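Before anything else, here's the structure in question.
Proteins get letters first, then strands, A, B, ... in listed order; numbering begins at 1 in each. Only heavy atoms go into these numbers, but all of them, side chains included; no hydrogens, no water, no symmetry mates. Every value quoted in this text rests on a predicted model; they were computed, and no experiment measured them.
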Amino acid sequence: MDILATLNPAQREAVEAIAGPVLILAGPGSGKTRVIAHRVAYLVKLCGVNPHHIMAVTFTNKAAREMGERLGQLLGEAAEALTLGTFHAICARILRRDGKAIGLDSSFVIYDDEDQLILIKQALEELNLDPKQYAPRALHSAISAAKSRLISPEDYAQLGNSYFEEVVRRVYQRYRGLLSQGQAVDFDDLLMKAVQLFRDHPQILNKYQSRYVHILVDEFQDTNIVQYMLMKQMAGKYRNLCVVGDPDQSIYSWRFADLRNILSFEKDYPEAKVVLLAQNYRSTKTILEVASDIISANVQRKPKKLWTENEDGDSVTVIESYSAEEEAQSVVNEIEKLIGQGQVSLKDCAVMYRVNAQSRALEDTFMRYGVPYKLVGGTRFYQRREIKDIIAYLRLIHKPQDNVSLTRIINVPARGIGQRTLIQLKSRARAHDASFFEALKQASHNVIASQGCEPKARQEAQPSLPPRIARALAGFDALMANLIAQSRERSLSGLLDEILQHTRYREYILDKEDGEERWENIMELKSVASEYDELEPEEALSAFLEKVSLVSDIDELDEQANAVTLITLHKAKGLEFPIVFIVGLEEGILPYSKSFGDPEEMEEERRLCYVGITRAKKRLYLLRSYRRSLFGGSTANPPSRFLQDISPQLVSTRRLWQESLSSLVSACSQPSPLSSNTLTLKVGDHVRHSKFGRGIVMNCLPTRDDQELTVAFEEVGVKKLLASLAPLEKIEKDFDFPS
DNA sequence: CGAAAGGCTCTTTTT
DNA sequence: GAGCCTTTCG
């Protein structure tokens with residue numbers, strides 16, 4: 001196959017420019033991923049570069065996997081020798097191999113977000129700071145921001161002098177201490193420590209620089225300063241650094257992605273070749289124009305004109321509804337209409353929203369109408385409580401110094417070791433500069449010793465523990481000792497069984513809400529673990545732990561399943577669908593209210609909207625609703641400013657409610673098409689039920705061919721009924737509906 | 001010690 | 001409306 005034949009001139013230029021730095025500015029739908037894959041293939045097949053010398057970096061595991069598959073097709077076996085992965089995975093590999101030089105134990109554990117938060121809370125506690133006054137999340141964010149810019153606690157001291165900054169510095173310092181005590185690193189450390197390693201050990205840097213002759217970075221607009229430094233270091237020798245990105249699709253500044261990297265690139269590499277991929281292969285002309293109308297209102301932006309040879313396509317539909325429920329319903333109606341016309345199937349459709357909470361109204365409606373959907377997001381597999389519990393056991397077996405894991409599972413399932421005991425352990429650990437686990441060992445051991453012999457002179461000021469507690473601690477110690485011994489003998493899945501059996505985890509979990517489902521998750525985890533059974537037990541354990549810390553999604557988005565996709569705008573980046581609905585185009589939702597005070601954040605909201613619009617291939621629907629209840633309270637929001645930025649001739653608007661009736665019209669304003677044979681009721685109607693007596697309709701939700709009513713009866717209270725089945729008659733209003 | 005009950009806050013998300 | 005944290009009671 002000719003690697004260049006299928007490329008347009010700009011793409012071809014990007015592929016062929018193999019010597020020196022290259023900046024590829026790739027508009028949405030411009031074939032960016034293809035360009036990267038073909039560039040690698042070109043290097044290997046036509047330029048004779050050994051794949052061992054090529055590194056391609058992505059942001060997500062999914063992107064890395066897809067790139068791997070693509071290159072597997074293009075290169076076959078040779079693709080195996082490429083270095084392909086996320087920034088974090090690549091850094092973890094480097095640090096396991098060479099981190100000793102900066103005092104990092106090669107068996108370090110990697111703490112995720114939740115673990116980090118626990119550590120921050122612990123730091124606050126130790127510093128006697130009130131977590132209500134200093135929100136752990138905010139501190140975490142500030143610390144992460146510092147790390148993403150390579151700022152140490154020491155640097156921080158010189159940086160700012162507000163009181164909050166002083167608090168951040170102190171927490172940061174303590175947090176760092178706690179991490180190193182547990183021989184743990186957080187995600188930011190993976191990057192930061194790699195940069196430090198290279199900075200302080202030129203001979204190690206030289207090893208990597210010599211190996212990686214060609215480096216490619218995808219989604220460059222999402223890199224932060226540390227990531228940029230890292231690439232700069234690695235590419236320091238050959239300068240064959242190719243970065244691909246689109247400033248207009250930068251939507252992760254809140255994760256400290258820094259758009260200035262693109263500017264720095266042209267400054268640090270003045271010889272860089274800049275290639276613009278402006279031809280769009282995805283969307284209709286109309287959709288592209290709408291996108292352009294939206295994005296051109298951003299001030300901090302280099303204008304770039306995208307174009308397409310695709311057809312004009314239909315105009316964009318704006319639907320204005322009364323409530324989020326009605327909005328969801330019009331999405332369903334529209335999807336059914338499109339499917340009825342043929343040519344479109346469920347999996348071609350996606351509904352996108354700003355915040356996850358919006359998915360609820362959509363799910364309800366899809367469920368009621370029996371339209372299959374797949375929700376992207378929600379709690380991720382490795383974040384589920386039961387999974388994290390089991391992993392904490394594994395981690396503690398692997399590394400008894402891991403205080404966070406110990407804290408997590410010392411009393412899970414409950415074994416009589418409560419808050420007070422834990423505080424005791426913590427202070428003992430601090431006093432002896434030991435891990436919690438060592439403190440626990442010692443505490444339980446002391447008591448056992450003092451039971452046999454004469455009570456020794458108590459060398460510590462600490463009070464001895466009550467026997468009941470000591471027994472509980474000794475029990476836990478014995479449990480762990482046994483598991484640690486087993487871990488050297490048994491396969492990984494065998495070890496998992498041991499954990500489950502000795503902790504009686506099954507009984508524990510089946511007692512809880514959704515116990516069955518949670519147990520199945522654990523069985524799923526076991527089946528993942530059994531993939532490591534061939535390895536030596538200790539190697540299997542560390543490989544497995546590495547995988548679960550750096551991989552987030554086990555349950556892939558099932559692309560086969562014929563169902564509508566419900567997804568946040570953020571997650572939709574990189575995807576495309578023939579039919580796209582964006583819901584909640586209201587001030588306060590999109591743009592989100594938090595961005596009102598800050599023009600830069602507002603520009604990011606606009607980019608987010610742009611990302612959503614440019615996912616659409618054939619048809620785009622923009623929806624807004626007059627009222628919306630989010631987080632309890634209900635508000636009336638004006639239409640999104642983004643809607644006003646679209647040229648009117650590109651749009652056709654459908655209004656489903658009238659302002660004058662707005663207090664009465666709700667989801668019922670659009671009766672479902674098949675409901676004519678049943679009694680049609682609306683909110684506020686008075687009814688009589690043969691058994692329950694008189695009542696008022698509080699709510700009515702149309703389903704495919706019925707209505708689901710919520711009725712408040714005078715005598716028996718609130719009931720939910722189906723209009724077709726309930727013996728109801730409509731009666732005259734004889735008392736006032738309290739509104 | 002541990003279950004149960006009330007108060008508080010609320011983006012976006014990958015590693 | 002839900003999840004998390006603190007408080008309270010058995």
Less than 4.0 angstrom from a charged side-chain N to a carboxylate O is my criterion; do A/K573 and A/E219 meet it?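 The answer is yes: the pair qualifies as a salt bridge.
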Measure CG/A/D222 against P/B/dT13 and give the value in whole Å, please.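 Computing the A/D222:CG to B/dT13:P distance gives 13 Å.
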In terms of side-chain geometry, is the basic nitrogen of A/R96 or A/E546 positioned less than 4.0 Å from the acidic oxygen of its partner?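 Yes, charged N to carboxylate O under 4.0 Å.
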Name the nucleic acid region contacted by A/K573, choosing base, sugar-phosphate or nothing; use a 4.0 angstrom heavy-atom cut-off, strictly under.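 Answer is nothing: A/K573 stays at 4.0 Å or more from every strand.
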Short side-chain N/O contact from A/T421 to OP1 or OP2 of B/dC1, under 4.0 Å: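 It does, given that an N or O in the side chain of A/T421 lies less than 4.0 Å from OP1 or OP2 of B/dC1.
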Which comes earlier along DNA chain B counting from the 5' end, the contact point of A/F87 or that of A/K132, where each point is its nearest nucleotide?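 Per heavy-atom nearest nucleotide, the more 5' residue is A/K132.
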Atom pair distance, as rounded to whole Å: CG in A/N356 and C1' in B/dT12: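 These atoms are roughly 8 Å apart.
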N-O pairing of A/K32 and A/D246 below 4.0 Å: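 Answer for the salt bridge query: no.
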What's A/R420 touching, base or sugar-phosphate or nothing? Going by heavy atoms closer than 4.0 Å.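 Sugar-phosphate contact only - A/R420 comes under 4.0 Å of backbone atoms but never of a base.
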Sub-6.0 Å ring centroid separation between A/Y172 and A/Y175: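 Here the rings of A/Y175 and A/Y172 have centres that are no less than 6.0 Å from each other.
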Could you tell me how far apart A/K62 (NZ) and B/dT15 (P) are, to the nearest whole angstrom?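 Taking NZ of A/K62 and P of B/dT15, I get 10 Å after rounding.
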Thinking salt bridges, do A/D115 and A/R408 make one under a 4.0 Å N-O criterion?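 The answer is no: the pair does not qualify as a salt bridge.
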Would you kindly give the CG-to-P distance between A/D511 and B/dG2, to the nearest whole Å?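 Taking atom P of B/dG2 as the reference, CG of A/D511 is at 15 Å.
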Name the residue closer to the 5' end of DNA chain C, choosing between A/K121 and A/R360 according to the nucleotide with the nearest heavy atom.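 So the residue in question is A/R360.
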Whether A/K426 and A/E126 form a salt bridge (side-chain N of Lys/Arg under 4.0 Å from carboxylate O of Asp/Glu) is what I want to check.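 Salt bridge absent between A/E126 and A/K426.
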Only one of A/T568, A/L630, A/L569 clears side chain to side chain contact (heavy atoms under 4.5 Å, CB included) with A/V355; which?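 Going through A/T568, A/L630, A/L569 one by one, the side chain to side chain contact (heavy atoms under 4.5 Å, CB included) with A/V355 is satisfied by A/L630 alone.
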Which residue, A/D105, A/L190, A/D189, forms the side chain to side chain contact (heavy atoms under 4.5 Å, CB included) with A/L95?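 Passing option: A/L190.
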A/E605/A/R354 salt bridge by N-O under 4.0 Å criterion: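 Yes.
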So what does A/D188 hit on the nucleic acid, given a heavy-atom distance under 4.0 Å: a base, only sugar-phosphate, or nothing?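 The answer is nothing, as A/D188 stays clear of every strand by at least 4.0 Å.
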Side-chain H-bond candidate by donor/acceptor type, A/Y212 with A/T83, under 3.5 Å: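 Yes, side-chain donor-acceptor contact under 3.5 Å.
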Taking the side chain of A/K571 as heavy atoms from C-beta outward, which of B/dT13, B/dG2, B/dT11 is closest to it?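 Nucleotide nearest to A/K571's side chain: B/dT13.
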For A/S629, answer base if it contacts any base atom (sugar-phosphate contacts may also be present), sugar-phosphate if it contacts only those atoms, and nothing otherwise; contact means non-hydrogen atoms under 4.0 Å.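 Answer is nothing: A/S629 stays at 4.0 Å or more from every strand.
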Quick test of your reading of the model: are A/K132 and A/D130 salt-bridged, counting only N-O distances below 4.0 Å?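 Looking at A/D130 together with A/K132, the answer is no, because their closest N to O distance does not fall below 4.0 Å.
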Selection from B/dT12, B/dT15, B/dG2 that lies nearest to any side-chain heavy atom of A/A414: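 Side chain of A/A414 sits closest to B/dG2.
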5' precedence on DNA chain B between A/R137 and A/R415 (nearest-nucleotide basis):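 That would be A/R415.
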What stems show up for DNA chain B when you take Watson-Crick pairs (N1-N3 plus N6-O4 or O6-N4) and G-U wobbles (N1-O2, O6-N3), both under 3.5 Å, and require three or more consecutive pairs?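 Stems found: B:1-10 with C:1-10.
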Indicate whether A/W254 forms a stack on B/dT12; treat it as stacked only if centroid distance is below 5.5 angstrom and interplanar angle below 30 degrees.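 Here the ring of A/W254 and the base of B/dT12 are stacked, with centres under 5.5 Å and planes under 30°.
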In whole angstrom, give the distance that lies between atom CD1 of A/I423 and atom C1' of B/dC1.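 Spelled out: CD1 on A/I423 to C1' on B/dC1 is 13 Å.
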Counting only side-chain heavy atoms from C-beta out, which of B/dT14, B/dT11, B/dT12 sits nearest to A/T568?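 Of all the options, the side chain of A/T568 is nearest to B/dT12.
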Atom CZ of A/F631 to atom C1' of B/dC8: distance rounded to whole Å?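 Going from CZ in A/F631 over to C1' in B/dC8 covers 14 Å.
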B/dT14 phosphate, OP1 or OP2, under 4.0 Å from A/N61 side-chain N/O: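 For B/dT14, neither OP1 nor OP2 has a side-chain N or O of A/N61 closer than 4.0 Å.
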Nearest-Å distance, CD1 (A/I417) to P (B/dG2)?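 Rounded to the whole Å, the gap is 9 Å.
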Between which nucleotides of DNA chain C, 5' to 3', does chain A make heavy-atom contacts below 4.0 Å?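 Using the under 4.0 Å cut-off, the span is C/dG1 to C/dC5.
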Measure CG/A/L630 against C1'/B/dT9 and give the value in whole Å, please.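 Rounded to the whole Å, the gap is 13 Å.
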With a 4.0 Å cutoff (strictly under), does any side-chain N or O of A/S593 reach OP1 or OP2 of B/dT11?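 Looking at the OP1 and OP2 atoms of B/dT11, neither is under 4.0 Å from any side-chain N or O of A/S593.
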